[in-house]
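I have placed the structure first, in the form of structure tokens, so that the comments after it can refer back to it.
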Amino acid sequence: MNWITAFRDRLGVKIFISYLVIIIIGAVVLIGTAEVQAPAALNRHIERMREIVGEDPELVEDLMVNYLSATAEILAVATGVAVIAALAVSFFTTRRIIRPIEHMLQASQDIAVGDYHRRVPVVSSDELGRMAAAFNSMAATLERTEERRLALIGDVAHELRTPLGGIKGTMEGLIDGVLPAEAETFINVQREVYRLQRLVQDLEELSRAEAGQIVLKRQSVDAALLVRNVIEKLAPQYADKGVSLSLDLPLNHPGVHVDPERVTQILVNLLGNALQYTPSGGEVRVSSASGEGEWITEVVDTGIGIAGHDLPHIFERFYRVDKSRSRPGGGSGVGLTIARHLAQAHGGSITASSPGLGHGSTFTLSLPIEQ
Ligand code: ADP
């Protein structure tokens, strides 16, 4: 029964047996043809010889026996050599095919137990090589996903720690009688609870955005109107902080086919950030214009600016330039991440630029114009 298991479980044995089958068929065909064709051809030859040298039954018999035994010998040697060749060729072919497969098998087992760094060597450009390359790219995606998952757990834990610490401290103060049981103490606790609530909402929104599950309710809207509405909505907060807000709109503005609520959300985030990171006395200018097939809105502030090494990261979730900054009124550090996802869901983009710290920032939202 052992050879049946070997045949079922080993690719090498299967390849060798397939070669063997071809050799056996070849040999059988060769023997069959020799048996039928050779005596007839020899008889024709003997007939001609008989005409020349006369009748000699012994010579004919001898010739026939010698010929047939020579043919059988040649066939036996050829078949033996072919079997040895099949063994050698199947051994090398098997090594070439099985090695990469074994590598992938081992690597996938390692990845399954959490070793996401595992890759396999890509040694050829044939199907096996392409399979190895595809395996590596799948492993890289898994590794990135795992890294993001771990980072997310760390980030969420970090974000939860601050408000929870605040609540715990206040409650302990109240219990010990260090803090007075008055409205202000409770308002502090309430503020931290709101912060937790906002974080949870942001996380829900972020997970929907990252999973591509945001459903857009698109409609044809006047692009300029959207911008103007957001400006009007935020103008009082700008006035409160003493940051000037100006708007520059062209006379002709195109229609855009977008979800107005989501685009408003993006603009509120950009203008909210501009307000938050611009000290009082500063200035924020909003301008919109249509470019090639796109509607571009720029939010330019004279605020704290962003250092070159931070710029590529500010759209990453929970990335904050000033990690130690306490942000009782700020977001959870995911606003820009969500905004970028929303813009991309519309087929648009958001980019940021800044001449450096202390020199303000420019955020550019681009949305495709309705065709
Ligand atoms: P949040 O503002 O809640 O921290 P965001 O995702 O909106 O989160 O922004 C991420 C980071 O990008 C901010 O923490 C800030 O460091 C930086 N940033 C965003 N907008 C501006 C801006 N207008 N000026 C300077 N820095 C900014």
Side-chain angles (χ1 to χ4, degrees), residues 148 151-152 154-156 158-163 191-192 194-210 214 227 230-231 233-234 237-238 241-247 262-287 296-345 349-366:
R148 277 207 296 267
L152 176 65
D155 289 338
V156 171
H158 180 79
E159 289 294 321
L160 289 174
R161 204 172 294 130
T162 318
R191 196 180 299 129
E192 298 296 358
Y194 283 155
R195 202 168 151 185
L196 282 173
Q197 218 170 19
R198 205 168 45 228
L199 173 65
V200 171
Q201 279 165 5
D202 283 350
L203 283 173
E204 278 172 351
E205 179 89 351
L206 179 70
S207 82
R208 267 199 301 274
E210 291 198 337
I214 288 182
V227 181
V230 175
I231 298 274
K233 193 167 157 180
L234 293 184
Q237 291 176 37
Y238 271 76
K241 192 174 173 184
V243 175
S244 86
L245 178 61
S246 63
L247 174 62
R262 294 309 196 169
V263 172
T264 302
Q265 187 181 345
I266 299 173
L267 292 168
V268 166
N269 181 269
L270 295 184
L271 279 158
N273 278 348
L275 175 63
Q276 193 178 346
Y277 301 111
T278 304
S280 71
E283 194 185 335
V284 173
R285 276 178 287 117
V286 182
S287 61
I296 297 165
T297 302
E298 254 183 11
V299 179
V300 185
D301 67 54
T302 58
I304 60 170
I306 304 163
H309 60 269
D310 284 315
L311 261 179
H313 302 292
I314 57 168
F315 291 95
E316 289 169 11
R317 62 176 177 225
F318 299 113
Y319 192 86
R320 267 178 260 136
V321 171
D322 182 357
K323 277 118 196 123
S324 62
R325 195 181 63 236
S326 80
R327 300 166 305 133
S332 319
V334 295
L336 282 178
T337 319
I338 296 172
R340 179 171 262 186
H341 276 294
L342 290 177
Q344 285 169 347
S349 65
I350 299 186
T351 51
S353 64
S354 170
L357 277 182
H359 296 287
S361 324
T362 299
F363 284 80
T364 309
L365 166 68
S366 150

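Starting from 1, each residue takes its place in the sequence as its number. Note that ligands are numbered from 1 as they come in the structure, with each ligand's atoms numbered from 1 the same way.
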**Prompt:** Does even one non-hydrogen atom of Gly360 get within less than 4.0 Å of ligand 1?
**Reply:** no
**Asked** Taking the non-hydrogen atoms of Ser361, is any one of them nearer than 4.0 angstrom to ligand 1?
**Response** yes
**Region of Phe363 that comes within reach of ligand 1 [heavy atoms, distance under 4.0 Å]** = side chain
**Request:** Mind checking whether Ile314 contacts ligand 1 via backbone (N, CA, C, O), side chain (CB onward), both or neither, at a 4.0 Å heavy-atom cut-off?
**Result:** both
**Asked** So which bit of Val334 gets within less than 4.0 Å of ligand 1, heavy atoms only: side chain, backbone, both or neither?
**Response** backbone
**Item:** Interatomic distance, Ile314 atom CD1 to Ile306 atom CD1 [nearest 0.5 angstrom]
**Value:** 4.0 Å
**Complete:** The atoms of ligand 1 lying under 4.0 Å from a heavy atom of Gly305, numbered in the order shown, are 25 (C)
**Asked** Hey, are the side chains of Gln344 and Arg340 touching, using non-hydrogen atoms and a 4.5 Å cut-off?
**Response** yes
**Message:** How long is the straight-line distance from CG of Asn269 back to CD of Gln276, given to the nearest 0.5 Å?
**Reply:** 10.0 Å
**Asked** What distance separates Arg262 CZ from Ile214 CD1, expressed to the nearest 0.5 Å?
**Response** 4.5 Å
**Request:** Below 4.0 angstrom from a heavy atom of Ile306, which ligand 1 atoms are there? Numbered from 1 as shown, please.
**Result:** 25 (C), 26 (N), 27 (C)
**Fill in**
Looking only at non-hydrogen atoms, the one of Leu270, Val299, Thr278, Asn273 nearest atom 19 (C) of ligand 1 is Asn273
**Message:** Using a 3.5 Å distance criterion without hydrogens, assess whether the side chain of Asp301 forms a donor-acceptor pair with backbone atoms of Val284.
**Reply:** no
**Prompt:** Is the side chain of Ser354 donor-acceptor paired with the backbone N or O of Gly305 at a distance under 3.5 Å, no angle test?
**Reply:** no
**Side chains of Val286 and Leu271 in contact at under 4.5 Å (non-hydrogen atoms)** = yes
**Request:** Could you tell me whether some N/O pair between Tyr277 and ligand 1 is separated by less than 3.5 angstrom?
**Result:** yes
